[in-house]
Amino acid sequence: MAERFKDLRPAGCDVRLLGIEGTAHTLGVALVDSTGATLAAAKNTIRPPGNEGIHPREAADHHARAVGPLVRQVLDEGKTGSDQLAGVAFSQGPGLGPCLRVAASAARALSASQRIPLCGVNHAIAHLEMARWTTHLAAPLCLYVSGGNTQVLVPRRHRYEILGETIDIGLGNAFDKFGRACGLGWYAGPIIETLAARAAADGAPFRDLPYTVKGMDVAFSGIVTAATHLHTSGMPLPEVCHSLQETAFAMLMEVAERGLAATGAGALTVTGGVACNGRLRQMLESLGKEWGIPVGLPPAATCVDNGEMIALVGLHQLESDVTLPIDQSGVIPRYRTDVPRLPWLEGLEHQAPSNESRWRGAEAEVIPVQWQGRPSVLKHRLLKASRHPRIDLMQRRMRTRSEARVMTAAAAGSIPVPALWDVEVDSTSLLIERLEATLLEELFWENVDGLDRLDPDETRHLARHLGATIAHLHALGIIHGDLTGRNVMISGVGPDCRVWLIDWGLGRFTQEVEDRAVDLRVMLHWCRLRGSLGNTFAAEVERGYHAVLPEEWDRVAGRLQEIETRMRYA
Ligand code: FE2
């Protein structure tokens, strides 16, 4: 980091800031100077006995005993008196309430006694910023994979935008859950990695496990249950670990690719405890080669919980005047990653996807061709060396086959879809009509704050028409599975406008209210990420849906609300 904090220095005095991390099992303390250099750092982690997970109260007691000595040790090693500190930062959330309160109390005490500014830092932001700084990537797509979190994000407009996330448990917790069920003990990730590597080296067979990707969201509960069942049915543990790890990481690769395709981000990074996994790193490097983009892999020690990441974000907050009065410094156990405003991210904008990237989807290349004199596209699902060959072949074939079936059924039900001319499952290719229409996304790219090219009436009409089309689709017993602005095309305006749904790779047949709600949520969430007019657009999509399925609406709307509460720290 450059010497961007030197202006804060009183004459002849260097700015030094102390960071205290305490969200879960690790208490970390670090002292940094105005350049961001670490002068001293130490941490102390509670290790629960045997096969148990961490107990919040016991972890908090551990931190309460450790925090005083750790702060003194770090200040001594940094040859800094507490009266020389320019500020103190602490992990304000998300995390376990009792642990958060210990770190917060220690920081408040220092702030009050030394009369120095207090900075409350979002723990997830600290991980993400540490990854950005250590890899020197300005605006990468970020995979944040830890015990409690699994998210795909990009820095944008003063914040981190969450593109997708786990809708049940974080991957690290999924590994721990599996580890406890199979007697591997707590903090199972490294043990699973070792056993999986052994199975891979021995050429052990791969077993299919549930693979759950919904748009850019993932879920891990099903895979844990199925993997545990494989083990209790007698399958050797290394083989189960191998299949579990390969499947879970393949899901992460897919949502990362969807994020790259959706944002046009030109780089990729990863952080969180699971980012220490060597196989995950290998897969990410392979993914970067496939996309021709740099992949920044932060040193493992910076991916796990530590005091430095809190201190470094604290420095930025201090510079930007993002500090807290003590009476407003309560902890936030469910502090979402997209909430804090981060002034130093100003100017970090992704460019609108180029015309070239328009033809590069997350899982397929789309080649414009002429077929019997008609404008067409050849959609070819690409081989992905980044994932296990069996998962790769299965996913490509299954998606090609199901895409053809679902498109055919939707067209038969009068849903506007491009005509399907031909399908070849073995070569994982589809030959499809090329539409002369505009991507919904392009309308939003025109101006990040809205659909300026359309007048309000036209916009309302378009959004309602889209909502109605989705409802008609659901009434046929079909969901699209990836309803974002990249998969909706528009032709005409006003009452004559036409909405086309394209890219049916995640489409399937289902009558479940859960599936309908998730399908609709992907669209609504995509809209709401696009400023104030995006919110208006989403509300009109809901109205259009309601108009077609008024009786179904209450159930879908109820489930939508329930899904929102399921998201991490909603
Ligand atoms: Fe963490």
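All values derive from a computational prediction rather than experimental measurement. We're numbering straight along the sequence, starting at 1. First listed ligand is number 1; within each ligand, the first listed atom is number 1.
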Tell me whether [X] contacts the main-chain N or O of [Y] through its side chain, where contact means a donor paired with an acceptor under 3.5 Å.
X	Y	result
Arg132	Cys142	no
Asp519	Gly481	yes
Asn173	Gly147	yes

Check the angle between the aromatic planes of Phe175 and Phe249 and answer parallel, tilted or perpendicular using the 30° and 60° thresholds.
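The rings of Phe175 and Phe249 stand perpendicular, inter-plane angle above 60°.
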Parallel, tilted or perpendicular: which describes the rings of His316 and Trp344, with under 30° parallel and over 60° perpendicular?
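Taking Trp344 first and then His316, their aromatic rings sit tilted (interplane angle of 30° to 60°).
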How far apart are the closest heavy atoms of Thr134 and Ala131, and which atoms are they?
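Closest heavy-atom pair between Thr134 and Ala131: OG1-O, 3.3 Å.
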For distances below 2.8 Å, what is the count of protein N, O or S atoms around the Fe ion (ligand 1)?
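For the Fe ion (ligand 1), the figure is 3.
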